[in-house]
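Quantities reported herein were computed from a predicted structural model and do not represent experimental measurements. Quick note: numbers below take in every heavy atom, side chains included, and nothing from hydrogens, waters or symmetry partners.
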Amino acid sequence: MASAGRTTADPAPCWERERSNGRERGMDIGFVGLGGMGRGMAANLVKAGHRVRVWNRSSGPAEEMRAAGAEPVARVEDAMQGEAVLSILADDSAMRDVFLAGGALDRAAKGLIHVNMATVSAAFVRELMAAHAERGLGYVAAPVFGRTDVAAAGKLNILAAGDPAAVERVQPLLDAMGQKTWPLGDDPLRANIVKIAGNFMIAAAIESMGEAVALGRGHGIAAGDLLEIMTNTLFSSPVYKGYGGIITEERYDPAAFKLTLGLKDVRLALAAGDAANVPLPLASLLRDGFLEAVAHGDADKDWAALARVSARRAGLD
């Protein structure tokens, strides 16, 4: 699949900043949701020369972004008065509260493009598409692969789907946040399904490492010894290396991606499977493992703490 790459089309923005080599134009945008991922993404948009109005449900993170050159605003609709608004919120409920329940979409600038970078359910994607179409607003789904450090470095992999003209319009913003954009057609649902499938596969990798480590420990083999071999031979990939390191060192606090969010995403996979009559027996196992982890007090730990479930079952934790 080819990258969309950087567009050379002039987005005709209304924000301009002076550069030493002449006048460079940027876009007038908003950013909603300043958790660990959102802060790094918004900061990279500012660095790329865009005017960025930021809003968060708690005002502290937005005020902290002022030092980076962003403009905190008091209401979410104030972040929706430019050419585009980007958002990355926790789940369907947060999206509904912020954009639908309070009528923020009704007060958005005419022709605004909403770039939703959150992982949301297939059913809610359809609802969001209809709500934006009714108001003459653009909607692009652009969920991402990458943790907080990757977001801060501007190296995310971005899955983009929506009206091609809208995607092209916001491509400079995606380029500022990611190392590659993966185009997935004109149906926003496609981007969300790929994201859900990807997170399901990561959860499965964490589960397999947790079980393998428990097996090794049961026979006197240290987690680090086993995973060093595995992640440098059979499973030499970013997911196994990254999460293998976390599991070996038991670095579950602070969480870059909370275990409860992993549970949410596995439930999204199960719901998407139900909608298409696709059995996902491994997803059911993962859901139960996450629930067990929550029951043992690991809800706010990194989702790699799913590996602790296998250790507990084996009497090793």
Side-chain angles (χ1 to χ4, degrees), residues 35-37 88-92 117-122 124 143-151 156-157 159 182 191-216 223 226-227 230-231 234-276 278-314 317:
M37 295 290 289
I88 184 162
L89 298 171
D91 52 27
D92 291 12
M117 311 192 80
T119 307
V120 295
S121 70
F124 193 48
V144 302
F145 288 137
R147 288 163 67 90
T148 52
D149 56 337
V150 178
L156 294 166
N157 277 280
L159 313 168
W182 298 87
N192 283 96
I193 293 298
V194 172
K195 169 63 174 176
I196 290 168
N199 278 15
F200 162 63
M201 292 176 71
I202 296 171
I206 293 170
E207 173 68 21
S208 71
M209 284 188 282
E211 292 186 25
V213 164
L215 175 62
L226 187 146
L227 288 177
M230 296 301 179
T231 60
L234 301 177
F235 300 96
S236 181
S237 70
V239 166
Y240 282 93
K241 283 181 174 290
Y243 286 103
I246 293 172
I247 292 168
T248 297
E249 299 171 17
E250 299 185 3
R251 284 185 284 109
Y252 304 130
D253 290 306
F257 188 76
K258 286 187 178 182
L259 190 139
T260 47
L261 293 177
L263 173 58
K264 182 261 295 186
D265 287 353
V266 168
R267 284 172 166 161
L268 293 183
L270 286 165
D274 286 346
V278 176
L280 296 172
L282 181 54
S284 296
L285 182 150
L286 292 169
R287 176 199 57 207
D288 291 349
F290 279 119
L291 286 172
E292 186 172 337
V294 171
H296 281 84
D298 290 341
D300 291 330
K301 296 186 183 301
D302 194 276
W303 70 328
L306 175 65
R308 296 183 65 183
V309 172
S310 296
R312 277 193 295 264
R313 290 171 178 169
D317 190 7

Would you call Met37 and Leu156 a side-chain contact if the rule is heavy atoms closer than 4.5 Å?
-> yes

Which pair of non-hydrogen atoms, one from Ala191 and one from Pro143, has the smallest distance, and what is that distance?
-> O-CG, 3.5 Å

Tell me, please, which residues at least two apart from Ala299 pass side chain to side chain contact (heavy atoms under 4.5 Å, CB included).
-> Thr260, Val294

Residue list, side chain to side chain contact (heavy atoms under 4.5 Å, CB included) with Ala311, at least two apart or on another chain = Arg217, Leu316, Asp317

Taken in chain and number order and not counting sequence neighbours, the residues that satisfy side chain to side chain contact (heavy atoms under 4.5 Å, CB included) with Ile193 are Ala122, Leu189, Ala272

Decide yes or no for Ile196 and Asp265: does some side-chain heavy atom of the first lie under 4.5 Å from some side-chain heavy atom of the second?
-> no

Is a side-chain N or O of Asp92 found less than 3.5 angstrom from the main chain of Ser121, in a donor-acceptor match?
-> yes

Under the side chain to side chain donor-acceptor pair (under 3.5 Å) test, residues paired with Asn157 that sit two or more places apart = Trp182

What residues, two or more places apart in sequence or in another chain, satisfy ring pair (Phe, Tyr, Trp, His ring centres under 6.0 Å) together with Phe124?
-> none

Could you give all pairs that pass the ring pair (Phe, Tyr, Trp, His ring centres under 6.0 Å) test and reach residues 245-276, with sequence neighbours left out?
-> Phe257-Trp303

Please lay out, stage by stage, how Leu159 and Val144 fare under the test side chain to side chain contact (heavy atoms under 4.5 Å, CB included).
-> CA-CA 6 Å; Leu159 313 168; Val144 302; over 6 Å; no

Residues at least two apart in sequence or cross-chain that pass side chain to side chain contact (heavy atoms under 4.5 Å, CB included) with Ala205, listed by chain then number, are Val239, Tyr240

Salt bridge (charged side-chain N to carboxylate O under 4.0 Å, His left out) pairs touching residues 194-216, sequence neighbours excluded, are none

What are the two closest heavy atoms between Thr148 and Gly36, and how far apart are they?
-> CG2-C, 3.7 Å

All heavy atoms of Ile246 vs all of Ala304, minimum pair found to be CG2-CB, 3.7 Å

State, yes or no, whether a side-chain contact exists between Lys264 and Thr119 at a heavy-atom distance under 4.5 Å.
-> yes

Which pairs of donor and acceptor atoms, one on a side chain in residues 279-293, lie under 3.5 Å apart (sequence neighbours left out)?
unit_1	atom_1	unit_2	atom_2	d
Glu292	OE1	Arg313	NE	3.2
Glu292	OE1	Arg313	NH2	2.8

Nearest 0.5 Å please: distance from the CG atom of Asp91 over to the CG atom of Leu261.
-> 7.5 Å

Would you list the pairs meeting side-chain hydrogen bond (donor to acceptor under 3.5 Å, both in side chains) in which at least one residue belongs to residues 293-302, sequence neighbours left out?
-> Arg147-Asp302, Asp253-Lys301, Asp298-Arg308, Asp298-Arg312

Please report the closest heavy-atom contact between Ala223 and Val213, naming both atoms and the distance.
-> CB-CG1, 3.5 Å

To the nearest 0.5 Å, how far apart are CD1 in Ile247 and OG in Ser310?
-> 9.0 Å

